[in-house]
Amino acid sequence: MNPAPGSAALPRMGPIRRVAAGVLDVAYVAYVEHGPADGPPVLLLHGFPYDIHSYVDVAPRLAEAGRRVIVPYLRGHGPTRFRERATPRSGQQAALGQDVIDLMDALGIERAALAGYDWGGRAACVAAALRPERVAGIVSVNGYLVQDIRASLAPLRPVLEAGFWYFFYFLTERGRLGLTADPRGVAEVIWRRNSPAWAFDDATLDRAAEAFRNPDYVEVVIHSYRHRLDHADGAPAYRRLEGALAALPPITVPAVTLDGLADGNFPATDASAQAEHFTGPRVHRHVPGAGHNLPQEAPEAFADAVLEVAQLAELPAVSRPTAAPRRASPG
């Protein structure tokens, strides 16, 4: 995959490795720069429309802290490919969560911390909710991200619906054609709405947009949004998992949830509305100045949250916190 013009001078994550994992040939970056190769593993999971470079400044910090860091491209992104032509190009939440477990199996990782935002945060939440024995803890931007598809027709406040224009755009053939014609342009509009305080440049967007050249990108993205709004059936292979997710299962593992105070689409909360979904130890943090792509906009805060998850797991049950005060700062 050749770099886009102007993006080559930016720091780039690599080398890219590949492994057969479930239905995918997953492309990923592994960081074991400092500390033992058998250090505590953590998977960093990116969102849409972004790529692994959301973690370009997070991964080295965690490696220096002795973590074994794995940063995969999600299905439909970058060099990750489906192994069989006949496999449905599903973007549904159960598929994203199962991909995480399949990657762990392929890499021989029995248990790992999972950290992500947007699609990656959803994958982490799904895996933690359905396979808690495999998850040491999670960091999730915007909290509990398992989709309640049965409630997908319930309207939000108009100011929030306006930010989700692409959800509805992708329900149409016009939206499919628009994403096919200009995935970078679609991403730029979403980035600027998601992170109004983030002064990214063209080269940063170009670097991420390389991941959108995947031949399955459009199909996976379109299916993801049509499925979440109950406008497309899920793939048969994930029917059982989607049935389990319909019950909105709780996350029982240690969790740090984050809200960026400059997120243009997902306003920060005090975490109380989602408390019932986290039955394990949990801390909620607000990150000043950060938008939706929180790990790239506030890498130190995100890395600190990953390290904090391990600390939560070590606390005696009687002293485990459930939420930080509303204006608590990260770290």
Short N-O contact, [X] and [Y], less than 4.0 angstrom:
X	Y	answer
Glu173	Arg176	yes
Arg184	Asp202	yes
Asp216	Arg81	no

Handout entry: Test applied, side-chain hydrogen bond (donor to acceptor under 3.5 Å, both in side chains); reference residue, Asn194; option that passes from Asn293, Asp118, Asn265
Key =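 When Asn293, Asp118, Asn265 are each tested with Asn194, the side-chain hydrogen bond (donor to acceptor under 3.5 Å, both in side chains) holds only for Asn265.
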Do any N or O atoms from the side chain of [X] and from the backbone of [Y] form a donor-acceptor pair under 3.5 angstrom?
X	Y	answer
Arg285	Ala301	no
His231	Leu229	yes
Arg83	Gly22	yes
Ser54	Pro295	no
Arg150	Ala246	yes
Arg75	Val23	no
Ser224	Gly91	yes
His286	Thr269	yes
Gln93	Arg122	no
Ser195	His292	yes

Given side chains that start at C-beta, do those of [X] and [Y] come closer than 4.5 Å, heavy atoms only?
X	Y	value
Leu307	Leu62	yes
Gln147	Ser152	no
Ile251	Val135	no
Glu308	Gln311	yes
Leu74	His46	yes
Pro11	Arg207	yes
Arg131	Met104	no
Trp191	Thr204	yes

Problem - Parallel, tilted or perpendicular: rings of Tyr166 and Tyr225 (30°, 60°) - result: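 If you compare the ring of Tyr225 with that of Tyr166, the planes turn out perpendicular.
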Exercise for the section: Specify whether Tyr169 and Trp165 have parallel, tilted or perpendicular ring planes, treating 30° as the upper limit for parallel and 60° as the lower limit for perpendicular. Expected result: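 Tilted.
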If you take all heavy atoms of [X] and [Y], which pair is closest and at what distance?
X	Y	result
Pro183	Ala181	CD-C, 3.8 Å
Gly260	Leu294	N-CD1, 3.8 Å
Leu261	Pro288	CD1-CA, 3.9 Å
Ala262	Pro196	O-CD, 3.3 Å
Asp57	Pro299	CB-CB, 3.7 Å
Ala63	Val69	N-CG2, 3.9 Å

Can [Y] be reached from [X] by stepping across I, L, V, M, F, W or Y side chains whose heavy atoms are under 4.5 Å apart?
X	Y	answer
Phe168	Val186	yes
Ile138	Ile70	yes
Leu45	Val42	no
Val56	Tyr50	yes
Leu258	Trp119	no

Problem - Pair Asp102-Val26, side chain to side chain contact (heavy atoms under 4.5 Å, CB included): steps then yes or no - result: CA-CA 10 Å; Asp102 289 342; Val26 177; over 6 Å; no
Handout entry: Pair Phe266 and Phe164, ring centroids less than 6.0 Å apart
Key =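 Yes; Phe164 has its ring centre under 6.0 Å from that of Phe266.
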Practice task
Could you pull out all residues at least two apart from Leu248 that satisfy side chain to side chain contact (heavy atoms under 4.5 Å, CB included)?
Solution key: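 So Leu248 forms a side chain to side chain contact (heavy atoms under 4.5 Å, CB included) with Tyr144, Val146, Asp148, His277.
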Atom pair [atom1] ([X]) and [atom2] ([Y]), whose distance is rounded to the nearest 0.5 Å:
X	Y	atom1	atom2	result
Arg68	Asp38	CZ	CG	9.0 Å
Ile16	Ile52	CD1	CD1	4.0 Å
Phe82	Leu24	CZ	CG	5.5 Å
Arg61	Phe302	CZ	CZ	12.5 Å
Leu43	Tyr28	CG	OH	10.5 Å
Arg111	Glu133	CZ	CD	9.5 Å

Handout entry: By ring pair (Phe, Tyr, Trp, His ring centres under 6.0 Å) - contacts of His227 (at least two apart)
Key =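 With sequence neighbours excluded, His227 shows a ring pair (Phe, Tyr, Trp, His ring centres under 6.0 Å) to His223, given in chain and number order.
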Handout entry: Residues Asp259 and His284: side-chain donor-acceptor under 3.5 angstrom
Key =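 Yes.
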Practice task
Compute whether any side-chain donor of one residue and acceptor of the other, for Tyr238 and Ser90, lie under 3.5 angstrom apart.
Solution key: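 Per modelled atom types, Tyr238 and Ser90 side chains form no pair under 3.5 Å.
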Practice task
State whether the number of non-hydrogen atoms from other residues, nucleotides or ligands found under 6.0 Å of Glu300 atom CD is greater than 12.
Solution key: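 At most 12 heavy atoms, drawn from other residues, nucleotides or ligands, come within 6.0 Å of this atom.
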Exercise for the section: Tell me, yes or no, whether the heavy-atom count around Asp233 atom CG, taken from other residues, nucleotides or ligands under 6.0 Å, exceeds 12. Expected result: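 No, because the 6.0 Å sphere around CG of Asp233 holds 12 heavy atoms or fewer from other groups.
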Problem - Pair Tyr217-Phe48, side chain to side chain contact (heavy atoms under 4.5 Å, CB included): steps then yes or no - result: CA-CA 10 Å; Tyr217 178 75; Phe48 163 86; 3.0 Å; yes
Practice task
In sequence, state the C-alpha distance, the side-chain angles, and the governing distance for Asp51 and Glu210, and then conclude on side chain to side chain contact (heavy atoms under 4.5 Å, CB included).
Solution key: CA-CA 9 Å; Asp51 82 323; Glu210 293 173 27; over 6 Å; no
Exercise for the section: Check the pair His77, Asn214 against side chain to side chain donor-acceptor pair (under 3.5 Å), reporting the backbone distance first and the verdict last. Expected result: CA-CA 5 Å; His77 292 72; Asn214 186 300; over 6 Å; no
Handout entry: Stepwise side chain to side chain contact (heavy atoms under 4.5 Å, CB included) check, Arg67 with Val306
Key = CA-CA 10 Å; Arg67 297 307 191 265; Val306 175; 5.5 Å; no
